[in-house]
Colleague: 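Shown below is the structure under consideration.
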Amino acid sequence: MNTTIASRSRRLSVALLIALLPLLFAGGVAFGQAAAQAPAAEAAADVPAEAAPAEVPAAEATEAAPQGAFFINPLWLVLVIVATAVWLYTTSWVCDDARGVGIDFTIYTTVLLAGGWLGLALSVLVHGAFGFFLLVTVAAAFCTYVVLRDRVVPERHRLLGSHRWAAIVGKVPGLGKLAALPSRARRQGPAFVLKNETGRTTEDVLQEKPTLSEAADVLLEFVLRAGATRSRKVRIQPAGETFVAQFLMDGVLHNVESFEVELGNQIMALAADLAGLAQGGRMRQGTGTLSADLPGMGEAQVGVQIAAAGGKPLLTLALPDWTFDLHAQGLEALGAHESIIKRMRATVTQNRGALLVCGPPESGKTTTLLALAGAIDAFTTDIALLSFARHKVEHVRDWTIPTDRPFGAFYEELLREGPGAILLDSLEEPERAGKALHFACEEGLTLGGLVAIDAPQAVVQLAKLAGSPDPVNRALTCVVPQRLVRKLCTVCREEVEPNPAMLQKLGIAPEDPGHWFRPVGCENCLNSGYLGRTGLFGMLILTDAVKEALTRPKVSAESIREAAGKAAFRTMYQDGIAKVTAGLTTLDEVRRVLKG
């Protein structure tokens, strides 16, 4: 939860309460005086003039005069004030907590506000006993919220969960052992532990240091949640007077949880002990490796790194690349449009030519190139993967590019093996670019990757690397620009009606806008509203007009784009709009990725 927002809401509720107190007091006095004067006036009107009493002594007259009084008993007034305080504080707490856990809080706050104002009005205008109505309304709405809240948050954060029970009972003298029962009971279920290379597990550490029980629960929960959400990293570090846990999911860092400093230090001590980074009872900087048998995902390696950031400790858990073998599922699994897939397949069936995949680092170029390699008939074409040491493709030979001799010498050695296709994930060096284009012109098929913003810039950049536009025009068939965009979480996404003016601006027919959704956020997606990623793809076909523009003296990416026109150039933005109308992602996410 955002503590700044929470504290601001608490201050606001206190200020409202202070402002209401004078109003309650003034209203009580005003209505009380009116109530006291009304019967006296009626009694005076009922007494006949001839029956008027004789003069009364001043002392007796003063004693008989009506006095101002509260319209409400002071005890009832205290009840109203207490009920109002509970109402305001509960409303602000529910609002902040729901925002923190990703629940739509408008329903609950509306019920609380409406019931609260009604109860307060009845208490002031009718009778103070309606303060009980105010308390019952607040209690009912709060209990309903807690029950629904506990269904979507982790067990250790549930208000009615075993961790809360343990925390409450643990504060009672003599019941400390009873408070530890829920934690021990959880570990008696299906075993999930972290273990190091020597076989030492979290259970072994807890037998020696039982005080780290809660830290073990939190650490194991983080690893499980990281696996469930396909997060690549978990970072635990101090943040002011607390510790914060951050998950790197789908290329975006999320603040997932904050906890007390003592618990944060215990989590670090436990991780350091398991990873062999504890010496003499103190942590030291370094790296280690743990393993975990994640439910439904098999055994996974978890890297542990303890470093210093700004003079404070930083714990990083590195999990596997969950999309490491995505290329094995084929081009369709990457999210490319069927027309682009058809063109790419036609290119890789040719005996000569080059296909270029471009984009910034970490945009999925390597996965696309490997999927393209899988589309080549490996039984008729000998394929060589150059510098893809981290990946394995069936029926494809790996060639590691040496760093101790020129690429030209390595290329000549490669040619003697007679491959029919080569894959180069990086063409940033002039010699590599030149040899790759030479292979595409004279020997076979080249699939290459290049760091570039978009397809027109990639063409211009490749011509500069080759030293001339001629080999590019002879070899290059098409360029595929690529980005990775986050997909909407299908568990919590909410369908919305698009703005007609926006549809007109995007060139989408209002009568057929597709299906638009907005991100909501839930436990399934770390309250981000997104889960998983897909590709945004474009394509630039090297037509005669594009080749002619490339030979001009002052060629630019803009001139290439103009020469291609709409017929030979499909942009990533067009692909993004298609994915938005299909309900896969949002327009904001597409714009965020393409601006980056």
Side-chain angles (χ1 to χ4, degrees), residues 154-157 163 180 183-184 186-187 190-249 253-295 297-322 526:
E155 194 278 335
R156 61 183 298 270
H157 294 296
H163 272 90
S183 179
R184 288 200 295 269
R186 282 194 305 278
R187 287 196 292 274
F192 169 68
V193 296
L194 288 171
K195 63 181 179 181
N196 59 20
E197 297 173 348
T198 64
R200 181 176 168 83
T201 68
T202 47
E203 292 295 325
D204 296 330
V205 176
L206 291 180
Q207 290 180 2
E208 301 171 3
K209 304 174 182 178
T211 56
L212 299 181
S213 173
E214 185 178 1
D217 288 340
V218 176
L219 183 62
L220 294 176
E221 179 190 316
F222 284 165
V223 175
L224 282 172
R225 292 179 70 186
T229 57
R230 297 298 190 266
S231 298
R232 288 296 309 278
K233 290 184 179 181
V234 178
R235 297 176 58 183
I236 301 173
Q237 60 184 349
E241 298 180 355
T242 62
F243 267 68
V244 63
Q246 299 175 315
F247 283 44
L248 181 63
M249 182 182 71
L253 199 61
H254 300 273
N255 289 332
V256 174
E257 186 176 330
S258 61
F259 38 85
E260 296 177 354
V261 173
E262 181 181 0
L263 179 57
N265 289 329
Q266 290 179 347
I267 294 172
M268 288 197 167
L270 176 62
D273 191 322
L274 277 174
L277 300 176
Q279 199 169 35
R282 301 182 62 182
M283 293 184 297
R284 61 178 178 85
Q285 297 187 43
T287 59
T289 303
L290 305 177
S291 62
D293 191 7
L294 298 177
M297 291 173 276
E299 187 169 349
Q301 299 295 314
V302 180
V304 178
Q305 180 184 38
I306 294 181
K312 297 181 179 180
L314 168 65
L315 170 62
T316 302
L317 304 177
L319 286 96
D321 181 357
W322 306 105
L526 299 181

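This structure is a prediction, so every number in the text was calculated from the model and none was measured.
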Colleague: With a 3.5 Å cut-off and sequence neighbours excluded, list the donor-acceptor pairs that the side chains of residues 260-273 form with protein atoms.
Modeller:
from : atom 1 : to   : atom 2 : distance (Å)
N265 : ND2    : V261 : O      : 3.3
D273 : OD1    : R200 : NE     : 3.3
D273 : OD1    : R200 : NH2    : 3.2
D273 : OD2    : K209 : NZ     : 3.0

Colleague: Determine, step by step, whether R225 and F247 satisfy the side-chain contact (heavy atoms from CB on, under 4.5 Å) criterion, reporting the C-alpha distance in whole Å, the side-chain angles of both residues, the deciding distance to 0.1 Å, and the verdict.
Modeller: CA-CA 9 Å; R225 292 179 70 186; F247 283 44; 3.9 Å; yes
Colleague: Taking ring-ring contact (aromatic ring centres under 6.0 Å, His included) as the test, write out the residues that go with F243, two or more places apart.
Modeller: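 Partners of F243 by the ring-ring contact (aromatic ring centres under 6.0 Å, His included) criterion come out as none, since no residue qualifies.
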Colleague: Between E257 and Q246, is there a side-chain donor-acceptor contact under 3.5 Å, judged purely by atom types and distance?
Modeller: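 Judged by distance alone, the side chains do not pair up.
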Colleague: Specify the closest pair of heavy atoms between Q285 and A307, including all atoms of both residues, with the distance to one decimal.
Modeller: OE1-CA, 3.9 Å
Colleague: Using the rule side-chain contact (heavy atoms from CB on, under 4.5 Å), only one of L315, L274, T287 pairs with V304; which is it?
Modeller: L315
Colleague: Main chain of A275, side chain of N196: is a donor-acceptor contact present, judged purely on distance under 3.5 Å?
Modeller: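 Side chain of N196 to backbone of A275, a donor-acceptor pair under 3.5 Å: no, none is there.
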Colleague: For the atom pair CE (M283) and CG (L277), what is the distance rounded to the nearest 0.5 Å?
Modeller: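 Separation between the atoms: 9.5 Å.
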Colleague: What's the verdict on side-chain contact (heavy atoms from CB on, under 4.5 Å) for V234 and V223, showing C-alpha distance, side-chain angles and the deciding distance?
Modeller: CA-CA 8 Å; V234 178; V223 175; over 6 Å; no
Colleague: Do L206 and L212 come within less than 4.5 Å of each other through their side chains, counting heavy atoms only?
Modeller: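 Side-chain contact under 4.5 Å: yes.
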Colleague: Side chain of W322, backbone of R232: donor and acceptor closer than 3.5 Å?
Modeller: no
Colleague: Of the non-hydrogen atoms in A292 and L194, which two are nearest, and what is the gap between them?
Modeller: CB-CD2, 3.5 Å
Colleague: After noting the C-alpha distance and the side-chain angles of F259 and V244, does the key distance pass the side-chain contact (heavy atoms from CB on, under 4.5 Å) rule?
Modeller: CA-CA 6 Å; F259 38 85; V244 63; over 6 Å; no
Colleague: Are L317 and L290 packed together at the side-chain level, in the sense that at least one heavy-atom pair is separated by less than 4.5 angstrom?
Modeller: no
Colleague: I'd like to know whether L314 forms a side-chain contact (heavy atoms from CB on, under 4.5 Å) with R235, so could you lay out the CA-CA distance, the side-chain angles of the two residues, the decisive distance to 0.1 Å, and finally the verdict.
Modeller: CA-CA 7 Å; L314 168 65; R235 297 176 58 183; 4.0 Å; yes
Colleague: Between R284 (side chain) and I306 (backbone), is there a donor-acceptor pair under 3.5 Å?
Modeller: no
Colleague: Do side-chain atoms of T242 reach the backbone of A239 as a donor and acceptor pair under 3.5 angstrom?
Modeller: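 Yes.
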Colleague: To the nearest 0.5 Å, what is the distance between OG1 on T289 and CD on E197?
Modeller: 5.0 Å
Colleague: Looking at side-chain heavy atoms only, is the closest gap between T316 and K233 below 4.5 Å?
Modeller: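 Yes, at least one pair of side-chain atoms sits under 4.5 Å.
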Colleague: Taking the side chain as every heavy atom from C-beta outward, state whether S231 and L526 have any pair of such atoms under 4.5 Å apart.
Modeller: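 In contact.
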